[in-house]
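Below is one structure, written out as structure tokens; comments come after it.
Order of the sequence lines sets the chain letters (A, B, ...), proteins ahead of strands, with each chain counted from 1. Excluded from the calculations below are hydrogen atoms, water molecules and symmetry mates; all remaining heavy atoms, backbone and side chain alike, are included. What you see is a predicted model; the values in this text were computed from it and never measured.
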Number of protein chains: 2
Amino acid sequence: MTFDEAKDKFIHTWGTLATQWGINRSMAQLHALLLIAPEPLATEDVMEQLQISRGNASMNLRDLMDWGLIYKQLKPGERREFFMAEKDIWKVARQVAKERRRREITPVVDVLNELKMISTDTPEAQEFQRVMEGLSSVVGFADSTLNAVIKAEENWLMSQFIKVFR
Amino acid sequence: MTFDEAKDKFIHTWGTLATQWGINRSMAQLHALLLIAPEPLATEDVMEQLQISRGNASMNLRDLMDWGLIYKQLKPGERREFFMAEKDIWKVARQVAKERRRREITPVVDVLNELKMISTDTPEAQEFQRVMEGLSSVVGFADSTLNAVIKAEENWLMSQFIKVFR
DNA sequence: CAATTCTTTCAAAATATTTTGAAATTACAG
DNA sequence: CTGTAATTTCAAAATATTTTGAAAGAATTG
């Protein structure tokens with residue numbers, strides 16, 4: 001396989017994969033493209049390389065910035081904006097874990113806690129409460145796993161920080 | 001909140017949540033409904049309770065069986081099929097972990113391994129390889145986490161098994 | 001501040017996914 | 001084997017999501 005083939009395959013695969021999670025193809029492909037780009041790219045570059053429209057590029061680049069997965073970079077003497085991906089893959093993982101936790105886990109925890117509160121006067125309601133409690137424990141497990149990723153990396157970051165200053 | 005309100009809220013919340021993952025609303029709501037049902041339900045029951053069509057019910061019940069999250073149950077003297085959810089929530093979690101691992105992690109691992117193989121004759125290709133290796137390690141982490149869930153529960157299952165026979 | 005270049009927005013179009021419902025198939029009882 | 005009840009299938013319809021592209025908005029330069 002040539003390098004260009006590998007590049008294409010990576011971008012393509014990442015895009016396909018993303019749709020299985022709730023992420024759209026353009027966003028995933030943009031991220032993939034920027035991940036392997038040795039230099040920051042301008043909007044025009046990504047439009048051309050991925051064959052997508054200006055609006056699409058603009059919106060998804062912004063979303064990627066909201067996720068903290070890419071950064072805007074300004075080049076001196078250049079008017080347009082360039083984008084580069086966070087290359088530290090563990091930082092990317094931490095960022096994704098953080099966002100998914102905030103967007104997906106936290107709301108469920110709240111609803112489950114609310115639903116656990118119903119009175120248990122009938123057998124049916126008792127069964128319901130049992131299920132809610134079970135789900136709470138599973139969601140709690142997922143939550144602490146994500147937290148472990150987030151915290152482990154914060155510690156790692158901290159350790160790097162210490163290295164620099166000792 | 002009354003029991004019926006709680007029930008509705010649970011089914012509705014579960015359905016909304018599922019769409020954020022790659023799961024469709026009907027499937028999630030079916031699963032939620034069966035999770036809190038004290039008795040196995042027939043196709044007609046779920047059609048009526050969720051207000052969905054026969055075809056929709058049939059297809060999604062089958063998908064849920066493929067995921068190992070619900071079971072068919074035959075009642076003596078009844079011709080139609082009844083469905084009940086796996087109520088052991090940790091078994092559900094294990095099942096989901098297993099399936100997602102198989103469907104999502106394994107294919108990525110394969111592609112990444114293939115892409116790591118390209119020759120590193122240019123700086124660009126070297127960078128590419130570095131990214132692939134980073135991704136490999138993150139995916140490897142996700143893989144072993146899912147495995148931990150799967151194995152932990154198999155051990156738990158084993159311990160229950162032993163309890164019965166000692 | 002006027003002209004130019006780049007970015008963002010958003011309604012409409014394109015695409016993808018989900019749902020429906022009727023027809024085909026299957027399973028069973030008599 | 002026949003009739004009936006239940007389930008599955010799948011093309012078409014409904015819905016939801018994504019993408020486009022042109023217009024509006026910002027930023028920068030001379």
- Message: Whole angstroms only, please: what is the CD1-C1' distance between A:Ile23 and D:dT17?
- Response: 15 Å
- Item | Side chain of A:Ser26 (C-beta onward), nearest among D:dT19, C:dT8, C:dT19 | D:dT19
- Query: Is a side-chain N or O of A:Thr106 found less than 3.5 angstrom from the main chain of A:Arg101, in a donor-acceptor match?
  - Reply: yes
- Query: Base, sugar-phosphate, or nothing: which does B:Asn24 touch, judged by heavy atoms less than 4.0 Å apart?
  - Reply: sugar-phosphate
- Query: Between A:Arg130 and A:Glu127, is there a salt bridge with N-O shorter than 4.0 Å?
  - Reply: yes
- Query: Is the closest basic N to carboxylate O distance between B:Lys9 and A:Glu114 below 4.0 Å?
  - Reply: yes
- Task: Grab the CZ-C1' distance between A:Phe83 and C:dT8 for me, whole Å please.
- Result: 11 Å
- Message: What's A:Thr19 touching, base or sugar-phosphate or nothing? Going by heavy atoms closer than 4.0 Å.
- Response: nothing
- Query: Considering only side-chain heavy atoms of A:Met59, which listed nucleotide, D:dT9, C:dC10, C:dT19, is closest?
  - Reply: C:dC10
- Task: Would you tell me if any nitrogen or oxygen in the side chain of A:Arg62 comes within less than 4.0 Å of OP1 or OP2 on C:dT9?
- Result: yes
- Task: Measure from NZ or CZ of B:Arg100 to the centre of the six-membered ring of B:Trp67, then state whether that distance is under 6.0 Å and the direction lies within 45° of the axis.
- Result: no
- For B:Asn56 and D:dT15, what is the distance between atoms CG and P respectively, to the nearest whole Å? 13 Å
- Query: What is the distance, rounded to the nearest whole Å, between atom CG of A:Leu30 and atom P of C:dT7?
  - Reply: 14 Å
- Query: Between C:dT9 atom C1' and A:Asn60 atom CG, what is the distance in whole Å?
  - Reply: 14 Å
- Query: Taking for each residue the nucleotide of DNA chain C bearing the nearest heavy atom, is the 5' side occupied by B:Ile52 or by A:Arg25?
  - Reply: A:Arg25
- Message: What is the distance, to the nearest angstrom, from the CZ atom on A:Arg54 to the C1' atom on C:dT8?
- Response: 11 Å
- Proximity to the side chain of A:Glu81 - top-ranked nucleotide from D:dT9, D:dA5, C:dT8: C:dT8
- Task: Examine C:dC6: is either OP1 or OP2 under 4.0 Å from a nitrogen or oxygen in the side chain of A:Thr43? Give yes or no.
- Result: no
- Query: Choosing from C:dT19, D:dA27, D:dT19, which nucleotide comes nearest the side chain of A:Ser53?
  - Reply: D:dT19
- Between D:dT19, D:dC10, D:dT7, spot the one nearest the side chain of B:Arg80, thanks. D:dT7
- Message: Please determine whether a side-chain nitrogen of the Lys or Arg among B:Glu99 and B:Arg102 lies less than 4.0 Å from a carboxylate oxygen of the Asp or Glu.
- Response: yes
- When rounded to whole Å, the CH2 to P distance for the pair A:Trp21 and D:dT17 reads 19 Å
- Task: Return the value, rounded to whole Å, for the distance between atom NZ of A:Lys75 and atom C1' of D:dT28.
- Result: 19 Å
- Answer yes or no: side-chain N or O of B:Arg79 and base N or O of C:dA27 forming a donor-acceptor pair under 3.5 Å. yes
- Query: Counting any heavy atom closer than 4.0 Å, what does B:Glu44 reach on the DNA or RNA strands: base, sugar-phosphate only, or nothing?
  - Reply: nothing
